[in-house]
Structure formats: structure tokens, C-alpha cells
Amino acid sequence: MFIFEDIIDLKNHLKVEKQQYSIGFVPTMGALHQGHLSLIDRAKADNDVVVCSIFVNPTQFNNVEDLKNYPKTIKEDKKLLEAHHCDVLFLPDAHTMYPVPAKTSFSFGHLEQTMEGEHRAGHFNGVALVVSKLFHLIKPHRAYFGQKDLQQFIIIHQLVQDLLFDLEVVCCPIVREDDGLAMSSRNLRLTASQRPIASKLYEALMLARHSLLEGYGVSKTKQTIQNFFNDLSDLQLEYFEVVKSATLETVDSVSDTFQVSLCIAAFLGDVRLIDNVFLFDKKGIF
Ligand code: AMP
């Protein structure tokens, strides 16, 4: 695996690769787990060359403590990427990605005003900024994102259309622990006693899915989820939304004419967890 910290070295290397090979790109913030690795495997299956980036992007954090506490496991990350046959790792520092303070800003309208955007001011602006920079540098044929961050995927899909990035964005399924907890780098921050409680988030999503599929309707289902969390003192529900997956618009009723996502965020101590599930099996987002 080639490892580049500088833009010039990365570009020189990829210039040669691009003449003959298709490039799949997986942007990450490191502390890699099986969720990230499933994206690497998918990129490897679809493309000749896989590029992964690890960069804890400061502009997407609205909470200094969260940025400071973000787990870093770079030695292990390199080993995992080697084992999964990643070809290139791009490992820039903050000055490389932001040689001058960024002044460009994005506005995604409703897509960034709901759910994560509503609770993390400026988050998607930072995401769009860094992903645009990475797309320009790497110029991949395909880029891979997890359904785990559904809203991020929808916003990047919009960004690619708006700015005519010449690439395909691919949404990959959520990889979960045995008890249903969605894998996340932030899970490393959970204590041994918090860890079993974290799976309640997925339990809530399953309860909501069952309720909607049984025909209980959106408002009754939301009440059921609120009651579920009222009985759990350790987990603080931040939001639970039922949205049309493609547009992230909240829906009052569900119909199998479009895919619906159930999205949730909650705090367990000071660790913020998010998760989502599709309502319908075998239905795409768009
Ligand atoms: P992050 O390092 O958290 O920025 O995540 C990098 C990419 O991995 C994003 O596209 C995430 O959606 C994706 N990802 C994170 N966790 C999972 C998971 N459990 N399953 C699938 N993809 C994931």
C-alpha cells in the first residue's frame, strides 16, 4: 500500500494509475472497523485501484470536545487496510487540507436543516467542503459511503449532481455488531457498562419498523418510541424521524411507493450515537 501525506505525491501517483485503471475512493476519519472495511471491499470489487483517505476533518465538528476525543488508531488502521488490499492511503494533515482558512460555504436547503444538520450546526458544510477537496484531488470513478450516515450520503449525492463531479456515489449497507449496534468509531468511547445499553438504539428502530409495518401510523409509532426512551434513563433521545429516504422529508404516513427511512440519534453519557433503517426490504433509495 502506498501512503501519501502530501498532495503532490498523491497526484503524481494517481496521474499514472488513472490512465489505465478505474479508481474507487473511500473517505474516512480513521479508527477503522468492519463498517469502513466493507466499503473498502466493495470498492475493491468494483474498481482496479482503491484509495482510502483518513482525515479527521476539523470543519465538520461543531463540538471541540468531540473533535479532541475522536479516536485515533492509525497503526491498526494501516494494518487493516493492508489486509483488505487497499492500494493507496491518503493521510493529510489539517494544513494540507486547509492551507488557508476556508471561506466557501454550501447550503443544501432542507437536506441540511433536518436531523443531523439541525443538531450539528455547520456539520454538512464541513463535510461538503472536505469531500469536494478530496474529489478534486483524487478524481475517483466511484466513491463509497455508508448508509450509516444516510443524510451525509444524500447530501453528497446532491453535491455531485450540483457540481457535475464526474463520478458515481455508492451507498453501502450498515455493518452491525451481533446485538444490532451499528459499528462506529465512536463506539470505542463507550464504557463496558454503556456498551450493552447502546444496542437499545437498534431495538428502538426495530420496534418502530414493526409498528409501521403493522399499520400503526407515524404519529402513534413516534409516541411508542418516545415511551420506549422514557423508560431508559441512560439513553437520551435527541430525535426520531420517519422520512422519505431520497429527500429526507418527514412523512405523515408511509406507503411502499417510495423508500422510507427511520432515523434516530441519542446520547449515551457524552457519546452521541446515530442509526437508521430502511422500512422496506429490497427497495432502493431513489
Ligand atoms: P467515518 O470515518 O465515520 O467518517 O465514516 C467513513 C465512512 O464509513 C462513511 O461513509 C460512513 O457512513 C461509513 N460507515 C461508518 N460506519 C459504518 C457502518 N457501521 N457500516 C457501513 N458503513 C459505515
Side-chain angles (χ1 to χ4, degrees), residues 24-46 50-63 66-67 69-74 76-78 80-81 84 86 89-92 97 115-117 120 123-135 138 140 142-160 167-190 195 198-199 201-202 205 245 248 261 263-265 271-278 285:
F25 174 45
V26 181
T28 80
M29 298 205 297
L32 301 182
H33 49 67
Q34 290 303 320
H36 296 112
L37 296 172
S38 73
L39 271 53
I40 299 285
D41 292 346
R42 174 72 195 274
K44 194 78 195 172
D46 293 353
V50 174
V51 180
C52 174
S53 63
I54 296 182
F55 177 59
V56 182
N57 174 34
T59 64
Q60 73 186 68
F61 283 80
N62 60 330
N63 178 329
D66 192 24
L67 174 61
N69 293 330
Y70 202 83
K72 289 178 191 68
T73 58
I74 192 67
E76 290 80 0
D77 291 354
K78 285 179 185 168
L80 288 169
L81 289 172
H84 284 254
C86 177
L89 169 60
F90 181 43
L91 207 52
M97 293 308 287
M115 301 192 292
E116 290 303 286
R120 301 182 69 188
H123 171 65
F124 288 117
N125 189 57
V127 169
L129 201 54
V130 79
V131 168
S132 300
K133 284 171 187 256
L134 291 166
F135 283 175
I138 292 160
R142 299 182 190 87
Y144 295 82
F145 295 88
Q147 182 202 324
K148 165 82 178 10
D149 300 281
L150 175 74
Q151 191 168 6
Q152 168 174 279
F153 171 75
I154 297 293
I155 284 179
I156 289 167
H157 185 262
Q158 181 76 41
L159 177 79
V160 164
L167 59 92
E168 182 192 346
V169 279
V170 180
C171 186
C172 302
I174 302 177
V175 178
R176 299 181 179 281
E177 304 285 358
D178 289 344
D179 63 357
L181 174 66
M183 290 192 185
S184 164
S185 308
R186 287 187 175 84
N187 295 351
L188 289 175
R189 296 188 46 222
L190 296 171
R195 173 58 193 84
S199 64
L201 219 63
Y202 182 64
L205 288 176
S245 309
L248 306 180
S261 289
C263 304
I264 199 162
V271 183
R272 187 170 180 278
L273 301 169
I274 63 169
D275 200 352
N276 69 86
V277 293
F278 291 138
I285 294 179

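This one's a predicted model, so the numbers in the text were calculated from it and none came from an experiment. Both counts, for ligands and for their atoms, begin at 1 and track the order of listing.
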Would you confirm whether [X], through its side chain, and [Y], through its main-chain N or O, come within 3.5 Å as a donor-acceptor pair?
| X | Y | answer |
| --- | --- | --- |
| H84 | C86 | no |
| R142 | D46 | yes |
| S184 | R186 | yes |
| N57 | G126 | yes |

Note the single closest protein heavy atom to [atom], along with its residue, its atom name and the distance in Å.
| atom | answer |
| --- | --- |
| atom 4 (O) of ligand 1 | M29 CG, 3.6 Å |
| atom 20 (N) of ligand 1 | V175 N, 2.9 Å |
| atom 21 (C) of ligand 1 | P173 O, 3.3 Å |

Between [X] and [Y], is any pair of side-chain heavy atoms under 4.5 Å apart?
| X | Y | answer |
| --- | --- | --- |
| K148 | I274 | yes |
| I285 | I154 | yes |
| L248 | E116 | no |
| M97 | L134 | yes |

Does even one non-hydrogen atom of [X] get within less than 4.0 Å of ligand 1?
| X | answer |
| --- | --- |
| A31 | no |
| Y70 | yes |
| R176 | no |

Counting each atom of ligand 1 from 1 as listed, which ones have a heavy atom of [X] under 4.0 Å away?
| X | value |
| --- | --- |
| F145 | 10 (O) |
| T28 | 2 (O), 6 (C) |
| H33 | 15 (C), 16 (N), 17 (C) |
| P27 | 6 (C), 7 (C) |
| L39 | 7 (C), 8 (O), 10 (O), 13 (C), 22 (N) |

Backbone or side-chain N or O of [X] under 3.5 Å from ligand 1 N or O:
| X | value |
| --- | --- |
| D149 | yes |
| H36 | yes |
| I174 | no |

(message) Once rounded to the nearest 0.5 Å, what's the spacing between atom CG of L37 and atom CG of L32?
(response) 6.0 Å
(request) Could you check which of M183, K148, Q152 puts a non-hydrogen atom nearest to atom 9 (C) of ligand 1? (result)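 Ranked by closest heavy atom to atom 9 (C) of ligand 1, first place is Q152.
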(request) Counting heavy atoms only, name the option from A143, A182, G146 that's nearest to atom 13 (C) of ligand 1. (result)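 Heavy atom nearest to atom 13 (C) of ligand 1 belongs to G146.
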(request) Name the orientation class of the two ring planes belonging to F145 and F153 (parallel below 30°, tilted from 30 to 60°, perpendicular beyond 60°). (result) tilted
